[in-house]
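Working notes for the structure below.
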Amino acid sequence: MIRRLLNARPSLLPRDAGGEAWLAGLIAVLCFLACLSAVGAVSADRAAHGWARELRSEATVQVRPRVGETGAEAAARAAQTLAGVEGVSEAEAMDRETAEALLRPWIGDAVLPDLPIPQLVTVRLDLTAPASAVTLGRALAEAGLDATVDDHSLWRGEVERSAGLITLLAAAAFLLTASAAGAAVAYATRAGMAAQSGVINTLSLNGASDGAIAGLYQARYGLLAAGAGAIGALVAMLLIAALRFLGGAEGVTPALPLAWSDLLILSPCPLLAGTVALVAARFTALARLKRGH
Amino acid sequence: MPVQPRRAYESDAATATVRLSGVGFGYAATHRALRDVSLTLPAGSFHFLTGASGAGKSTLLKLLTLAEHPTVGTLHLFGEDATTATRRALPAFRRRMGVVFQDFRLLDHLSAFDNVALPLRLTGRKQADYAGDVEEMLDWVGLGDRMDDAPPSFSGGEKQRLAIARAVVTRPDLILADEPTGSVDAAMAERLLKLFQTLNRLGTTVLIASHDEALAERSGATVLRLEGGRLIGGAT
């Protein structure tokens with residue numbers, strides 16, 4: 001009576017509490033995993049772009065001294081020449097101590113004093129309009145310097161390819177998760193329709209169209225999946241927030257730097273889960289009704 | 001029940017509510033449940049369909065509700081060919097008929113009110129628009145004080161009255177009833193018969209399948225008789 005006064009109408013489909021709780025739990029877990037995949041991809045992409053930006057902002061020049069010229073003199077002349085090139089912010093000849101410090105972790109102290117170390121110039125490039133390796137090489141040649149320019153393009157390409165691969169894998173994981181959720185909803189819809197065939201017959205004989213009956217299932221499973229998706233996304237948000245809080249801006253590992261804005265990426269999860277369930281339930285129900293359920 | 005203008009009694013076969021021509025139906029190749037059935041139910045007519053168990057009464061009603069299609073012959077409903085009606089076309093036919101099933105087919109998870117309101121709700125009407133009609137109908141079948149109870153708590157007779165209330169609440173053009181008085185006492189059977197007669201006087205075409213030959217005779221309606229799947233008397 002109270003419900004009628006409030007104009008609230010019960011669902012025309014009976015509840016299947018056990019089956020629906022199982023489905024909701026499964027979708028929540030799938031959404032949690034999809035959220036982690038999405039944030040993982042964004043984070044890996046962010047790390048890769050950071051590394052690529054650093055590589056793009058620097059070039060290393062190896063200088064070979066001419067006859068009668070020391071390596072340090074050649075490196076200093078190269079640094080002076082490069083500092084005047086458009087697109088270069090700073091050029092600095094690397095002294096032997098700095099070069100030895102870079103090599104020490106790999107080859108140790110024993111042989112370092114006897115090792116011929118190449119004369120290097122570190123070039124910081126203007127990020128807005130960086131000078132190309134060709135420009136740097138031409139400037140060095142015009143100054144009569146025998147030098148080789150490494151603009152790190154080889155490493156940069158590797159990092160960018162790795163980031164692209166991780167993003168693709170994350171997208172595949174996301175699609176697989178969405179497919180699994182859709183398949184679970186389709187299975188639940190089929191099971192529900194088999195268990196409720198008497199109800200469906202009654203609805204049909206009282207004038208319900210196939211679309212209206214399918215609408216009952218799409219509404220039920222769409223809402224259920226949206227709720228379960230919200231729970232999965234919320235748990236993922238809490239986990240990511242905890243990792244961000246513990247790891248700071250760098251994240252728990254430099255390979256996966258987390259940002260607070262990553263939490264926003266997860267907000268459409270309930271809507272996506274609801275949409276996937278809605279579509280899966282509708283198409284499954286219509287197909288079964290067409291075959292006489 | 002609000003009185004609507006009575007429709008003209010139509011005897012023209014082309015505009016008949018129901019018209020079957022040479023209809024046959026079999027659940028298996030070797031068993032023919034209906035054979036060469038031809039009949040016309042003019043708009044506004046009242047017929048009883050009698051016959052022993054297995055004579056084909058329920059099968060004929062299944063064809064008329066479009067739950068099954070005739071194996072041979074043609075079926076017209078409301079002047080339209082429904083012989084091979086597609087699923088898409090079914091709701092339009094079914095919304096013009098009210099059906100009382102022998103096994104009631106009530107929805108146990110809904111209240112009596114919501115069961116009776118079902119066909120109105122399926123047409124997209126709002127509860128505020130039909131609540132009065134539903135309550136009036138439940139009062140009329142003597143279940144006004146049990147609107148919020150669910151069918152499992154009802155007796156067989158109460159379920160039957162609930163099923164009848166659901167079938168007639170939309171004031172359909174055609175009422176098909178399969179043994180609608182089978183589970184009620186004589187007094188309620190007479191009362192339900194009067195309900196069908198009242199609806200008929202308002203222009204509704206009524207076909208009642210029943211074992212109760214005496215009730216059929218008392219009703220003054222045309223009696224159709226099925227024997228072994230054949231219509232042997234009373235066909236228009």
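Every value quoted in this text rests on a predicted model; they were computed, and no experiment measured them. Values below: all heavy atoms of this structure, side chains included; hydrogens, waters and symmetry mates excluded. Just so it is clear: chains get the letters A, B, ... in the order the sequence lines come, proteins before strands, and each one is counted from 1.
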Minimum heavy-atom distance between [X] and [Y], given as atom pair plus value:
| X | Y | answer |
| --- | --- | --- |
| B/R95 | A/G207 | NE-O, 2.8 Å |
| A/K290 | B/R87 | CA-CD, 4.2 Å |
| A/A208 | B/P91 | O-CG, 4.0 Å |
| B/L122 | A/N206 | CD1-O, 3.6 Å |
| A/T202 | B/R166 | CG2-NH1, 3.5 Å |

Is there a side-chain contact between [X] and [Y] (heavy atoms, below 4.5 Å)?
| X | Y | answer |
| --- | --- | --- |
| B/L118 | A/L203 | yes |
| A/D210 | B/L90 | no |
| B/L110 | A/P10 | yes |
| A/L205 | B/V99 | no |

A/L12, part contacting chain B, at a heavy-atom distance under 4.5 Å: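 The answer is both parts of A/L12.
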
Side chain, backbone, both or neither of A/S204 within contact of chain B (heavy atoms, under 4.5 Å):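 Backbone plus side chain of A/S204, per the 4.5 Å heavy-atom cut-off to chain B.
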
With sequence neighbours excluded, residues passing ring-ring contact (aromatic ring centres under 6.0 Å, His included) with B/F25: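 Checked B/F25 against ring-ring contact (aromatic ring centres under 6.0 Å, His included); matches are B/Y27.
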
Atom NE2 of B/H69: over 12 foreign heavy atoms under 6.0 Å: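 Atom NE2 in B/H69 is packed in, count exceeds 12.
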
Over 12 non-hydrogen atoms of neighbours within 6.0 angstrom of CH2 in A/W260: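 Atom CH2 in A/W260 is packed in, count exceeds 12.
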
Contact class of B/F93 relative to chain A, heavy atoms under 4.5 angstrom: neither

Residue B/R88 versus chain A: region with a heavy atom under 4.5 Å: neither

When B/T123, B/L106, B/L107 are compared by non-hydrogen pairs under 4.5 Å with chain A, the top option: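 Top count of heavy-atom pairs under 4.5 Å with chain A: B/L107.
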
